[in-house]
Every structure is written in C-alpha cells, then in structure tokens.
Amino acid sequence: MGKKKRIRPLAICLFRHHDRILVAEGYDSVKDEYFYRPLGGGIEFGETSMETVCRELLEELNVEVDRDSLTYLGTVENIFHFNGTPSHEIVLIYDGALKEAGLYEQATLRGKELNGEDIRAVWMSINEFSSGKSILYPTGLVEILGIQSLSDT
C-alpha cells in the first residue's frame, strides 16, 4: 500500500557565520546529485516552528540553539522529487545562533537522524550556492539569502 501523499510543514535554520551557513549534505541516487540543506525538520502537532528548530538540532546533532536569537526570514513552498518520490513541503526559514561558540570553528558536525541515518553538517560559503557551484534546497532559499545579505550591510 502506498504512502499517503501529504504536505509536510518544516522549520529550518541557517546559522550564518560570516559568509558561511551550516548545512547538511544529502544525496539523491535517482538524480545522482549531491545537495545541501539547512538543519531542522518536521513541525510536530502543538509545537511552534521555533521549538521545532531547537528540538531538531538537539535530537540530530546534540547542539543547543540560542532560542532568543531565532529570527524569522520567510517561507518557501517546495515541490520536488527525492530519490524518485514526489514530495511537497511548506518550509519556515529562520536565522539564528548556536549556544556553543566553538561549533562555528568546527569544519564538520556529525549526528544521526531518528531513523539511524548519519548526518554530516558542514559550514559552506553562501557564494557556493549563489554561483550555482553547489545545490541548496529548498528551492528559493538562495533568493532569501540574497535579500537578507543586502539588509545586513
């Protein structure tokens, strides 16, 4: 029996540090494509999107988010295929800070998804994505980053 198709509400956070953001590395075997996406996950019933960001980072990487630092940037609707399966997400995007300053100096942060899959999060230059050299999902995030970086100057 096929899985019921549904729209997933997600919350992700960029964790910007200078010109870099913290992203998890992913791979689509059908497209034979490596991609990156900010950390976060599915919003659970009764949970705010800010709570989702904090819970997901603690569950997946065992790192604490400075909740007061979370700033809402916008929402994107993401309709895509991953490993051949169609998906539909509404993604709330935040910028924020990690509580432990030393994490900004670590090249790689490792953790695990609840399903046991390894997570490898890396700091990558925003230019990697805006130049098209690397792929950043969800679609539309590069544009939000572009708007944000202009307002930071």
(message) Please enumerate all residues that pass ring-ring contact (aromatic ring centres under 6.0 Å, His included) together with Tyr27, with sequence neighbours excluded.
(response) Tyr34
(request) Could you walk me through whether Asn115 and Glu117 pass the side chain to side chain donor-acceptor pair (under 3.5 Å) test, one step at a time? (result) CA-CA 6 Å; Asn115 65 9; Glu117 277 182 45; 3.3 Å; yes
Please table the atom pairs, donor to acceptor, closer than 3.5 Å between any side-chain atom in residues 133-141 and protein atoms at least two apart or in another chain.
unit_1: Ser134; atom_1: OG; unit_2: Glu128; atom_2: OE1; d: 2.8
unit_1: Tyr137; atom_1: OH; unit_2: Glu33; atom_2: OE2; d: 2.9

(request) Take Val122 and Val23 through the test side chain to side chain contact (heavy atoms under 4.5 Å, CB included) and record every step on the way to the result. (result) CA-CA 6 Å; Val122 293; Val23 287; 4.2 Å; yes
(request) Determine, stepwise, if the pair Leu57 / Glu64 fulfils side chain to side chain contact (heavy atoms under 4.5 Å, CB included). (result) CA-CA 7 Å; Leu57 269 286; Glu64 282 189 71; over 6 Å; no
(message) Any heavy-atom pair between the side chains of Lys5 and Pro86 that's under 4.5 Å?
(response) yes
(message) Asp95 and side chain to side chain contact (heavy atoms under 4.5 Å, CB included): which single residue from Ile21, Leu145, Leu14 fits?
(response) Leu14
(request) Provide the full list of salt bridge (charged side-chain N to carboxylate O under 4.0 Å, His left out) pairs with a residue in residues 37-52, sequence neighbours left out, each pair given once. (result) Arg37-Glu89, Glu44-Arg55, Glu47-Arg55
(message) Whether the side chain of Thr85 engages the backbone of His81 through a donor-acceptor N/O pair (distance < 3.5 Å, no angle test) should be reported.
(response) no
(request) Could you check if a side-chain atom of Met50 sits within less than 4.5 angstrom of a side-chain atom of Arg67, using non-hydrogen atoms only? (result) yes
(request) Please round to the nearest 0.5 Å and tell me the distance separating atom OH of Tyr36 and atom CZ of Arg120. (result) 7.0 Å
(request) Keeping the roles fixed (side chain from Asp118, backbone from Lys112), state whether a donor-acceptor pair exists under 3.5 Å. (result) no
(message) How long is the straight-line distance from OG of Ser49 back to CD1 of Ile43, given to the nearest 0.5 Å?
(response) 5.0 Å
(message) To the closest 0.5 Å, what do you measure between CG (Leu61) and CZ (Arg110)?
(response) 11.0 Å
(message) List the residues meeting ring-ring contact (aromatic ring centres under 6.0 Å, His included) with Tyr104, not counting sequence neighbours, and say none if there are none.
(response) His17, Trp123
(request) Given side chain to side chain contact (heavy atoms under 4.5 Å, CB included), test Arg16 with Ile126 step by step and report yes or no. (result) CA-CA 9 Å; Arg16 254 192 293 205; Ile126 293 166; 3.9 Å; yes
(message) Can you list everything that forms a side chain to side chain donor-acceptor pair (under 3.5 Å) with Asp68? Sequence neighbours excluded, please.
(response) none
(request) Please identify each residue that fulfils salt bridge (charged side-chain N to carboxylate O under 4.0 Å, His left out) with Asp32, with sequence neighbours left out. (result) none
